[in-house]
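Starting from 1, each residue takes its place in the sequence as its number.
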Amino acid sequence: MPAKAPIKKSPAAKTAPAKAQTDSAVVAEPVQDPPASIPVEAPTPAPEPTPEPAPEVTATHSTPSSQEDPVPEPAPDTPVSPTESEKAPEVIEPPPPEPEAPKEGQEWIAVNKEPSVSTRYKIQNLTTGDKISVCVKAVSKAGSSAPTALENFVQIREIVDRPKISLPRHLRQTFVKHVGEAVNLVIPFQGKPRPQVHWTKNGQPLDPKHASVRNTESDTILFIRTAERKDSGTYELTVQIDSLEDKAKIEIKVAERPGPPKSIKLLDVWGFNAALEWTPPLDDGNSEITGYTIQKADKKTGEWFTVHEHYRQVNCTVSDLIMGNSYYFRVFSENLCGLSEKAAVTKDFASIKKSGISYKPPVYEDRNFAEAPKFTQLLSDRTTTTGYSTKLFCCVRGSPKPKIVWMKNQMEIREDPKFRCLVNQGVCSLEIRKPCPFDGGVYTCKAINSLGEATVDCRLDVKVPQ
């Protein structure tokens with residue numbers, strides 16, 4: 001199916017569409033031979049001043065003169081329609097003469113129906129696969145210029161799909177590989193007819209001895225069997241169909257493990273701590289240093305233990321060292337490929353000295369708990385019935401332990417089987433067995449120690465049942 005093919009010309013040249021009749025000399029030539037220039041007879045200038053040729057293609061115009069410009073003969077079976085041109089006042093343009101027949105083996109066809117004032121023109125309705133040549137003439141009131149033709153034939157191709165690269169997501173950021181690994185990038189693209197594929201690295205063509213490229217109709221593959229650090233850089237992929245193209249840039253970084261820190265120094269040792277300081281490595285492995293790993297080893301056993309991992313600074317303090325031991329320290333560098341193969345080790349060891357320790361127990365003052373007797377719960381008045389035993393209760397505290405004395409009507413109750421006195425954890429009780437009306441009265445409890453005394457009393461009423 002015919003396709004549109006835009007053609008860009010130089011300021012003196014111009015492209016034209018197929019199958020059109022005009023007085024301009026925009027023509028196309030088939031595949032056979034390179035185009036030959038068409039002799040054009042210059043018109044006789046009119047008595048009026050002759051204007052200079054316009055930079056754009058315009059309609060052929062004949063001056064008011066007895067002579068007329070010859071017009072190229074149209075191709076067979078192609079109707080000729082005269083173009084409109086500027087007319088001088090009261091001057092009628094005569095019909096165009098018969099055009100000159102094309103040379104044998106060449107067929108020039110005018111493609112624009114009317115002169116064009118632009119320096120761009122699209123030739124439409126061409127057949128895919130043909131090869132054509134194009135020539136352009138400038139036309140003014142003074143006549144037509146000599147034709148200018150393309151140096152080479154133009155291949156008519158059908159562009160169905162514009163070239164487009166589908167860059168995978170993981171390649172839109174820096175692509176990292178370790179030294180020695182293989183690089184195998186598969187990048188799909190679109191375009192019809194099949195686009196031309198070009199690879200460059202940092203603006204220069206790839207070295208075919210080190211990097212190979214394989215292209216198919218739908219993708220391109222960049223392969224490096226053994227990656228080296230020199231393979232890092234910006235790779236640019238270009239897919240192109242004629243003047244249409246699409247580009248994509250890929251950042252590739254080939255890295256390896258870094259070198260060890262340049263030096264390490266034991267700054268100070270105090271108590272159970274040691275201070276260290278080191279300098280970054282000379283070789284970062286073509287990747288940023290992400291941290292350091294610090295280890296310690298007892299001088300006696302020689303076993304290494306990790307103290308810090310992924311440590312970002314270049315100095316640190318190692319704590320919790322054991323008294324009486326000596327320690328060495330070492331530091332590894334780290335990047336995205338891992339830890340350095342070697343470490344920087346301190347030349348001197350940190351010795352944690354023993355210090356004389358004497359334990360002196362603290363002296364505490366004895367607390368004086370001495371206290372005068374004090375009743376925390378008082379006696380309560382009670383009423384009982386003759387013949388029913390009853391008890392009186394109260395609570396007292398004091399230090400030293402107070403002596404308890406019970407009294408009835410201010411008379412001390414001594415060893416009387418009718419009464420029983422008990423003291424348990426400061427609780428004082430007096431049991432009156434089967435009281436009678438004579439046992440009623442005021443009962444008093446007295447607590448006595450070396451710091452003082454305290455008393456509490458109550459009334460007991462004994463009723464006779466009716």
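Checked by atom type and distance alone, the side chain of Ser145 pairs as donor or acceptor with a backbone atom of Ala138 at under 3.5 Å. Counting only distance, with no hydrogens or angles, the side chain of Arg214 and the backbone of Leu222 share no donor-acceptor pair below 3.5 Å. Side chain of Asn112 to main chain of Glu114: a donor-acceptor pair is present (N/O by atom type, distance under 3.5 Å, no hydrogens or angles). Here the side chain of Ser118 pairs a donor or acceptor atom with the backbone of Arg120 at under 3.5 angstrom. With hydrogens and angles ignored, the 3.5 Å screen pairs a side-chain donor or acceptor of Asn286 with a backbone N or O of Val254. Formation of a donor-acceptor pair under 3.5 Å by the Asp246 side chain with backbone atoms of Ile165 is found in this model. Between the Glu277 side chain and the Val314 main chain, no donor and acceptor come within less than 3.5 Å of each other. Side chain of Thr174 to backbone of Glu251: no donor-acceptor contact under 3.5 angstrom is found. Side chain of Thr216 to main chain of Asp219: a donor-acceptor pair is present (N/O by atom type, distance under 3.5 Å, no hydrogens or angles). For Thr346 (side chain) and Phe329 (main-chain N/O), a donor-acceptor pair under 3.5 Å exists by modelled atom type.
Taking every heavy atom of both residues into account, Ala227 and Val183 meet most closely at CB-CG2, 3.9 Å. Contact record, Pro193 with Ile241: O-CD1, 3.1 Å, taken as the closest heavy-atom pair. Closest non-hydrogen pair, Lys177 versus Ala182, comes out as CE-O, 3.5 Å. Across every non-hydrogen atom of Leu378 and Cys394, the tightest pair is C-CB, 4.2 Å. Of all heavy-atom pairs spanning Gln190 and Pro195, the tightest one is O-CG, 4.0 Å. Nearest heavy atom pair, residue His210 against residue Thr226, reads CE1-O, 3.7 Å.
The neighbour count for Phe349 CZ, taken as heavy atoms of other residues, nucleotides or ligands under 6.0 Å away, does not exceed 12. Atom CZ of Arg229 has more than 12 heavy atoms from other residues, nucleotides or ligands within 6.0 Å. Annotation for Gln155: atom CD counts as buried by contact number, over 12 foreign heavy atoms lying within 6.0 Å. Few gaps surround CG on Asn202; more than 12 heavy atoms of other groups in view lie less than 6.0 Å from it. No more than 12 heavy atoms of other residues, nucleotides or ligands sit less than 6.0 Å from atom CZ of Arg225. In this structure, Glu371 places its CD atom where more than 12 heavy-atom neighbours from other residues, nucleotides or ligands lie under 6.0 Å away.
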inquiry  = Checking Phe393 against Lys391 for the side-chain contact (heavy atoms from CB on, under 4.5 Å) test, could you report, in this order, the C-alpha distance in whole Å, the side-chain angles of both residues, the deciding distance, and whether it holds?
reply    = CA-CA 7 Å; Phe393 293 96; Lys391 288 185 179 181; 3.6 Å; yes
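In this structure the side chain of Cys135 never reaches within 4.5 angstrom of the side chain of Thr148, judged on heavy atoms. For the pair Ile294/Leu276, a side-chain contact is recorded, criterion being any heavy-atom separation below 4.5 Å from C-beta on. The shortest distance between side-chain heavy atoms of His308 and Cys316 falls below 4.5 Å. Side-chain contact between Tyr235 and Lys249 is absent, with no heavy-atom pair separated by less than 4.5 Å. Proximity of Val239 to Gln196: side-chain heavy atoms (C-beta onward) are nowhere separated by under 4.5 Å. Using a 4.5 Å cut-off on side-chain heavy atoms (C-beta onward), Val269 and Asn273 make no contact. Residues Ser333 and Tyr292 form a side-chain contact, since some pair of their non-hydrogen atoms from C-beta on lies under 4.5 Å apart.
Note: Trp278 and Tyr311 have tilted aromatic rings, judged against thresholds of 30 and 60 degrees for the angle between ring planes.
A donor-acceptor pair shorter than 3.5 Å cannot be found between the side chains of His178 and Glu256. Checking Thr238 against Glu245 by side-chain atom types alone, no donor-acceptor pair falls below 3.5 Å. With no hydrogens or angles considered, a side-chain donor-acceptor pair links Trp199 and Thr220 at under 3.5 Å. Thr290 and Asn335 form no side-chain donor-acceptor contact under 3.5 Å, judged by distance and modelled atom types alone.
The cationic atom of Lys296 (NZ for Lys, CZ for Arg) does not lie both less than 6.0 Å from the six-membered ring centre of Phe305 and within 45° of the ring axis.
Residues satisfying the salt bridge (Lys or Arg N to Asp or Glu O under 4.0 Å) test with Lys230, not counting sequence neighbours, are Glu228. A search for side-chain contact (heavy atoms from CB on, under 4.5 Å) contacts involving Asn325 returns Asp298, Lys300, Ile322, Tyr327, not counting sequence neighbours.
Taking the ring centroids of Tyr328 and Trp304, they lie at or beyond the 6.0 Å cut-off.
The distance from the CG atom of Leu336 to the OG atom of Ser287 is 3.0 Å, given to the nearest 0.5 Å. The CG atom of Asp320 sits 9.5 Å away from atom CZ of Phe272, with the distance rounded to the nearest 0.5 Å. The OG atom of Ser380 sits 7.0 Å away from the CD atom of Gln377 when rounded to the nearest 0.5 Å. Residue Lys353 holds its NZ atom at 10.5 Å from OG of Ser326, rounded to the nearest 0.5 Å. Distance check, rounded to the nearest 0.5 Å: CD1 of Ile224 to CG of Asn184 gives 10.0 Å. How far OG of Ser340 is from CG of Asp284: 12.0 Å, rounded to the nearest 0.5 Å.
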